[in-house]
Chemist: 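One structure, as structure tokens, below. Some questions next.
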Amino acid sequence: MKTVYDILLGPVISEQSMEAVNDKKYVFRVARDANKIEIRRAVEEVFGVKVLKVNTVNVMGKEKRQGVHVGRRAAWKKAIVRLRPESKTIEFFEGMV
């Protein structure tokens with residue numbers, strides 16, 4: 001059985017994701033086999049908030065090369081989590097905005 005920490009792998013810190021924090025949208029890197037319901041439950045349990053909506057994106061790994069050797073970065077899954085208006089914010093992201 002997967003724990004919530006197996007589902008939520010970490011936050012995505014970028015300019016675009018930090019601007020979305022003002023709209024109570026938070027971006028996380030999640031397990032590739034996690035579905036929206038599991039992601040919702042994991043965020044609610046870890047941070048003690050109420051989730052309104054979860055959107056997911058499968059991010060394909062970039063192709064990289066070094067000289068003649070061609071490889072590919074690992075593919076990963078991103079979840080954009082929107083909180084309910086009456087829900088408190090996630091304090092982890094507060095100092096980064």
Side-chain angles (χ1 to χ4, degrees):
M1 185 170 153
K2 292 186 282 191
T3 67
V4 293
Y5 298 105
D6 293 334
I7 295 170
L8 293 177
L9 302 179
V12 174
I13 308 298
S14 66
E15 286 184 31
Q16 189 174 9
S17 68
M18 290 297 105
E19 288 178 8
V21 169
N22 297 331
D23 299 331
K24 289 195 172 186
K25 289 183 182 178
Y26 299 94
V27 183
F28 295 97
R29 188 176 190 141
V30 296
R32 291 196 62 199
D33 59 343
N35 61 33
K36 293 181 181 187
I37 297 168
E38 293 172 334
I39 295 167
R40 174 191 303 260
R41 288 183 184 148
V43 170
E44 287 178 347
E45 184 177 330
V46 170
F47 298 107
V49 294
K50 293 292 181 186
V51 175
L52 177 67
K53 187 175 186 179
V54 176
N55 293 336
T56 58
V57 178
N58 285 315
V59 180
M60 297 304 296
K62 285 183 169 181
E63 189 173 274
K64 291 293 186 179
R65 66 183 186 91
Q66 186 170 4
V68 296
H69 302 286
V70 178
R72 185 172 278 279
R73 287 186 183 168
W76 55 286
K77 191 171 192 177
K78 174 170 59 171
I80 299 108
V81 178
R82 185 168 187 184
L83 303 182
R84 293 180 185 253
E86 66 273 3
S87 177
K88 66 176 188 165
T89 61
I90 296 177
E91 295 172 7
F92 177 79
F93 289 92
E94 290 302 316
M96 297 182 196
V97 178

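All values below come from the heavy atoms of this structure, side chains included, with hydrogens, waters and symmetry mates left out. Just so you know, residue 1 is the first one in the sequence shown, and it goes up from there.
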Chemist: Under the side-chain contact (heavy atoms from CB on, under 4.5 Å) rule, collect the residues that match up with Val68, sequence neighbours excluded.
Modeler: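 Val68 satisfies side-chain contact (heavy atoms from CB on, under 4.5 Å) with no other residue.
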
Chemist: In chain order, what residues pass the ring pair (Phe, Tyr, Trp, His ring centres under 6.0 Å) check against Phe28, with sequence neighbours excluded?
Modeler: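 Partners of Phe28 by the ring pair (Phe, Tyr, Trp, His ring centres under 6.0 Å) criterion, ordered by chain and then number, come out as Phe47, Phe93.
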
Chemist: Kindly compute the distance separating NZ (Lys78) from OG (Ser14), expressed to the nearest 0.5 Å.
Modeler: 7.0 Å

Chemist: Let me confirm one number: the CG-CG distance from Asp33 to Asp6, rounded to the nearest 0.5 Å.
Modeler: 9.5 Å

Chemist: Taking Arg40 for its side chain and Val51 for its backbone only, find out whether a donor-acceptor pair lies under 3.5 Å.
Modeler: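 A pair under 3.5 Å: yes.
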
Chemist: Which other residues end up in the same hydrophobic cluster as Val57, if Ile, Leu, Val, Met, Phe, Trp and Tyr are linked when side-chain heavy atoms come under 4.5 Å apart?
Modeler: Val12, Val27, Val59, Trp76, Ile80

Chemist: Check Val49 against Glu44 and note the closest heavy-atom contact, atom names and distance.
Modeler: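 Residues Val49 and Glu44, closest heavy atoms: O-CG, 3.1 Å.
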
Chemist: Would a single hydrophobic cluster contain both Ile37 and Ile39, if residues Ile, Leu, Val, Met, Phe, Trp and Tyr are joined by side-chain heavy-atom contacts under 4.5 Å?
Modeler: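 Ile39 does not cluster with Ile37.
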
Chemist: Applying salt bridge (Lys or Arg N to Asp or Glu O under 4.0 Å), name anything that partners Glu63, two or more places apart in sequence or on another chain.
Modeler: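 Glu63 satisfies salt bridge (Lys or Arg N to Asp or Glu O under 4.0 Å) with Arg72 once adjacent residues are dropped.
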
Chemist: Could you work out, with side-chain contact (heavy atoms from CB on, under 4.5 Å) as the rule, every residue matching Arg73, not counting sequence neighbours?
Modeler: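 Applying side-chain contact (heavy atoms from CB on, under 4.5 Å) to Arg73 gives Lys62, Lys64.
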
Chemist: With a 4.5 Å heavy-atom cut-off, do Val30 and Leu8 have their side chains touching?
Modeler: yes

Chemist: Answer yes or no: is there a donor N or O on one side and an acceptor on the other, between the side chain of Lys53 and the main chain of Leu83, under 3.5 Å?
Modeler: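 No.
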
Chemist: Does the side chain of Lys24 reach to within under 4.5 Å of the side chain of Thr89, using non-hydrogen atoms?
Modeler: yes

Chemist: What closest approach, in Å, do Glu38 and Lys2 show between heavy atoms, and which atom pair accounts for it?
Modeler: OE1-NZ, 3.3 Å

Chemist: Are Val21 and Val43 co-members of a hydrophobic cluster defined by side-chain heavy atoms under 4.5 Å apart?
Modeler: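 Yes; tracing contacts between hydrophobic side chains, which count when under 4.5 Å, links both residues.
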
Chemist: What are the two closest heavy atoms between Gly48 and Lys88, and how far apart are they?
Modeler: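 Heavy atoms only, the tightest pair is O-CE, 3.3 Å.
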
Chemist: Is it true that a side-chain atom of Arg84 and a backbone atom of Glu86 form a donor plus acceptor pair closer than 3.5 Å?
Modeler: no

Chemist: I want to check something: taking the side chain as every heavy atom from C-beta on, are Tyr26 and Pro11 in contact at a cut-off of under 4.5 Å?
Modeler: no

Chemist: Can you name the residues that form a side-chain contact (heavy atoms from CB on, under 4.5 Å) with Asn58, not counting sequence neighbours?
Modeler: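 Expected list: Lys77.
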
Chemist: Which pair of non-hydrogen atoms, one from Lys50 and one from Ser87, has the smallest distance, and what is that distance?
Modeler: N-OG, 3.1 Å

Chemist: Between Asp23 (side chain only) and Ala20 (backbone N and O only), is there a donor and an acceptor less than 3.5 Å apart?
Modeler: no

Chemist: Measure the NE2-CD distance between His69 and Gln66 for me, rounded to the nearest 0.5 Å.
Modeler: 8.0 Å

